[in-house]
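I have placed the structure first, in the form of structure tokens, so that the comments after it can refer back to it.
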Amino acid sequence: MRKFKQRNLVAHIRKFSLESCFTALFMALCISACSDDDDAAKVVFPEKQTVNCVYGDTKELNFEANANWQLTSSATWCRFMNDGHEDYSLSGTAGKQTVTLKITDEVVAFDAPTVAHLTMMIGADKAIIADVVRDNKTRELKIYDMEGNEIQEIEVGYDDYKPFQVKANFRFAATNRPEWLEVAGNAIVGTVNEMTKGEVKVIDNPLYAKYVQNGTLTFADEDGVMSYSFPLVYKGMDPKKIKILNSNPWNWEVSLDGKTFIQTSSAGASASTTTSTYNKFIPYTVQALNDEVVPVYIQKVVEYGMVQMKIGEEDGVDWIKLEDDKKGNLRLKVNDSSEEREGYVLLLPQALYDEIKDELWENLIEMDMETYEQDIKYTYQQNNLLINFVQKEKKQEVVQAFKVTYFDSSWNTQEAICTKVTDTDIINLYPDVSDIYTMEWPSAQGGVTIDPLEGDFELEWNFKVMRNGEDITSEKICEGSDTSLNAFIEGTLTEEFHILIEKDGEIKKVLIVTPNYN
């Protein structure tokens, strides 16, 4: 009986011990599980932020970590400042933190923002705690004067180019410009962040140069995405300057009746002489601001054996006239005279005239203090002299109204004789024409060349061919070219014909070509 009880006791003890072991193991597992859950709960990342910035910024990022951490940036343009150094990663301990970010311009784009992700690691875990959004690059283009001061408009030169500078953070080129603007080198092209010089002036055309002009000059990036336009300001030509175009003021003679103007000039190494003749007036084209010019008439006289200069109507110089259409076109006319006289015309821009008009004679004329002789000051002779002429009786010279040349049978050049017509019946055919000449048709090889001595064909004169009162120009006996007519007759000339030279719709001279009866 006692042995039975002992066996039951042992069995009970064994059962208790096994249950205790299972209980202890269960409790240990539960404690271990709770410990793991507590550790996992400690890894808490800061709430994700968005940091907006532009390149060049310095930004602060504030967060709180409950464990040791390490922070990295996904972009090289977003860096961490650490004791004056720039790093791409940063580490720290638990607690509240302030991290300084430096934003650079590396790989910045013009057309879209760029993003850097800031990733935090705690132990083996990681998370993005901030997106740093860098704004897209702003295109900038500015203009400057030559001292580097920013300006808002571009001044345009007249005789000389006016310089300015352009700077942009992209490659650029000048694109659109008005037709009146001339750009030095015909282009302005610039590189990134470098000062580029540009030079502009008005084109050499009176249509634009005489007047104030406004417009714009446009610059664009190489992709054509953006353009920048700046005002152009042309203030007009120098108000005290004038250009007298295509004119030589010296060596002019005017007939006493004031109807013929002749200039003789020499040119070239051989000093060949050329003669220009104008009837009734001399035309001029001038260039001055807003076409505002004032003529000053001067007469050179000899009084008491000394050369003196008289100016304007107050001194009796009222016999020279300059007609002005206020568009830069002038006509010089001279009244008739019974005696020889010498005149000058100075042409002054309105602004210059206004400046000196109160003491006009003193400003324009200088006197030789030894001889007391007077003359126009050199600067005005150089810049403002329209003409110097002598009006006098024209010498009677053997001058033909036509020059006719041809080739003889040996192909040598010969000049035909033109004789002025005195036959009243013929003169009555052309009552308003003083120059009527006649010539016999020569035995010519290849026709004749007839120069009416009137300048350029079609520009200054034209012609008509008549036979027995009928217009036969269409038969093309004569054809104009350069400064002359070429006439050709097949076979033998049997009937005379008349060549009428016309200027401004009026018959100026007539050449009657007759058969050769020899």
Side-chain angles (χ1 to χ4, degrees), residues 105 108-111 136-248 267 284-293 327-329 349 351-352 382-384 456 459:
D105 62 354
V108 65
F110 278 115
D111 302 315
N136 57 297
K137 189 176 182 181
T138 302
R139 288 179 173 84
E140 291 184 346
L141 185 146
K142 296 181 179 181
I143 56 174
Y144 304 85
D145 61 22
M146 297 309 292
E147 285 71 45
N149 303 306
E150 185 177 356
I151 56 177
Q152 302 303 320
E153 60 186 25
I154 300 169
E155 188 174 351
V156 179
Y158 168 57
D159 279 329
D160 301 315
Y161 289 102
K162 288 274 188 179
F164 65 100
Q165 299 184 98
V166 191
K167 186 177 181 180
N169 59 354
F170 54 87
R171 289 176 57 84
F172 66 88
T175 53
N176 298 328
R177 65 177 188 256
E179 59 183 352
W180 53 266
L181 186 72
E182 181 177 322
V183 175
N186 206 36
I188 303 173
V189 179
T191 56
V192 179
N193 293 327
E194 289 189 6
M195 281 286 195
T196 300
K197 182 180 178 182
E199 296 180 297
V200 290
K201 72 171 186 172
V202 71
I203 63 173
D204 188 16
N205 184 325
L207 182 64
Y208 303 109
K210 294 188 293 185
Y211 312 112
V212 171
Q213 303 291 339
N214 292 286
T216 57
L217 179 60
T218 301
F219 299 90
D221 70 300
E222 59 185 348
D223 297 322
V225 175
M226 291 289 292
S227 62
Y228 302 79
S229 295
F230 296 92
L232 292 165
V233 177
Y234 173 62
K235 298 177 182 178
M237 62 183 292
D238 187 329
K240 296 181 183 179
K241 287 187 176 180
I242 189 170
K243 281 186 177 180
I244 302 171
L245 305 178
N246 303 320
S247 176
N248 181 350
Y284 291 96
T285 302
V286 300
Q287 186 172 306
L289 180 64
N290 297 327
D291 298 309
E292 295 177 346
V293 295
K327 296 180 181 179
N329 303 306
L352 178 58
Q382 289 293 106
N383 301 315
N384 303 94
D456 293 325
L459 293 177

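Here the structure is a predicted model, which is why all the values come from computation and not from measurement.
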Checklist entry - So do the side chains of K243 and V286 get within less than 4.5 Å of each other, counting heavy atoms only? => result no
Checklist entry - Would you say K162 has more than 12 foreign heavy atoms packed within less than 6.0 Å of its NZ? => result no
Item to check | Spacing of CH2 belonging to W180 relative to OH belonging to Y211, to within rounding of 0.5 Å | outcome: 15.0 Å
Checklist outcome for this item: Nearest heavy-atom approach of N384 to P349 is ND2-CD, 3.9 Å
Item to check | Closest heavy-atom pair and its distance - I143, V166 | outcome: CG2-CG2, 4.3 Å
Checklist entry - Any side-chain heavy atom of D223 sitting closer than 4.5 Å to one from F110? => result no
Checklist outcome for this item: For A351 and K240 the tightest heavy-atom approach is CB-CG, 4.4 Å
Next on the checklist: Measuring only between side-chain heavy atoms, which start at C-beta, is V225 closer than 4.5 Å to F170?
Outcome noted: no
Checklist entry - Roughly how far, to the nearest 0.5 Å, is CG of L207 from CD of E179? => result 8.0 Å
Checklist entry - Any side-chain heavy atom of Q165 sitting closer than 4.5 Å to one from M146? => result yes
Checklist entry - To the nearest 0.5 Å, how far apart are CG in N169 and OG1 in T138? => result 8.0 Å
Item to check | Within-4.5 Å side-chain heavy-atom neighbours: E182 and Y161 | outcome: yes
Checklist outcome for this item: Of all heavy-atom pairs linking T196 and T191, the shortest is OG1-N, 4.2 Å
Checklist entry - Just by distance, do the side chain of Q287 and the backbone of L245 share a donor-acceptor pair under 3.5 Å? => result no
Item to check | V156 side chain reached by V233 side chain, heavy atoms, under 4.5 Å | outcome: no
Checklist outcome for this item: Rounded to the nearest 0.5 angstrom, the CD1-CZ distance for I154 and F164 is 4.0 Å
Item to check | Least distance between heavy atoms, L289 atom then G236 atom | outcome: CD1-CA, 3.9 Å
Item to check | Euclidean distance, T216 OG1 relative to E153 CD, rounded to 0.5 Å | outcome: 12.5 Å
Checklist entry - Is a side-chain N or O of T175 found less than 3.5 angstrom from the main chain of T218, in a donor-acceptor match? => result yes
Item to check | Any donor-acceptor pair under 3.5 Å from N290 side chain to E292 backbone | outcome: no
Checklist entry - Looking only at heavy atoms, what is the nearest atom pair of R171 and V192, with distance? => result N-CG2, 3.9 Å
Checklist entry - Do P206 and D291 come close enough that some side-chain heavy atom pair is under 4.5 Å? => result no
Checklist entry - Is the side chain of K241 donor-acceptor paired with the backbone N or O of N383 at a distance under 3.5 Å, no angle test? => result no
Next on the checklist: Checking V183 now: which residues fulfil side chain to side chain contact (heavy atoms under 4.5 Å, CB included) with it, not counting sequence neighbours?
Outcome noted: R177, L181, I188, V200
Item to check | Pair E140 + K142, salt bridge at N-O below 4.0 Å | outcome: no
Checklist entry - Does any non-hydrogen side-chain atom of Y234 lie less than 4.5 Å from one of Y158? => result yes
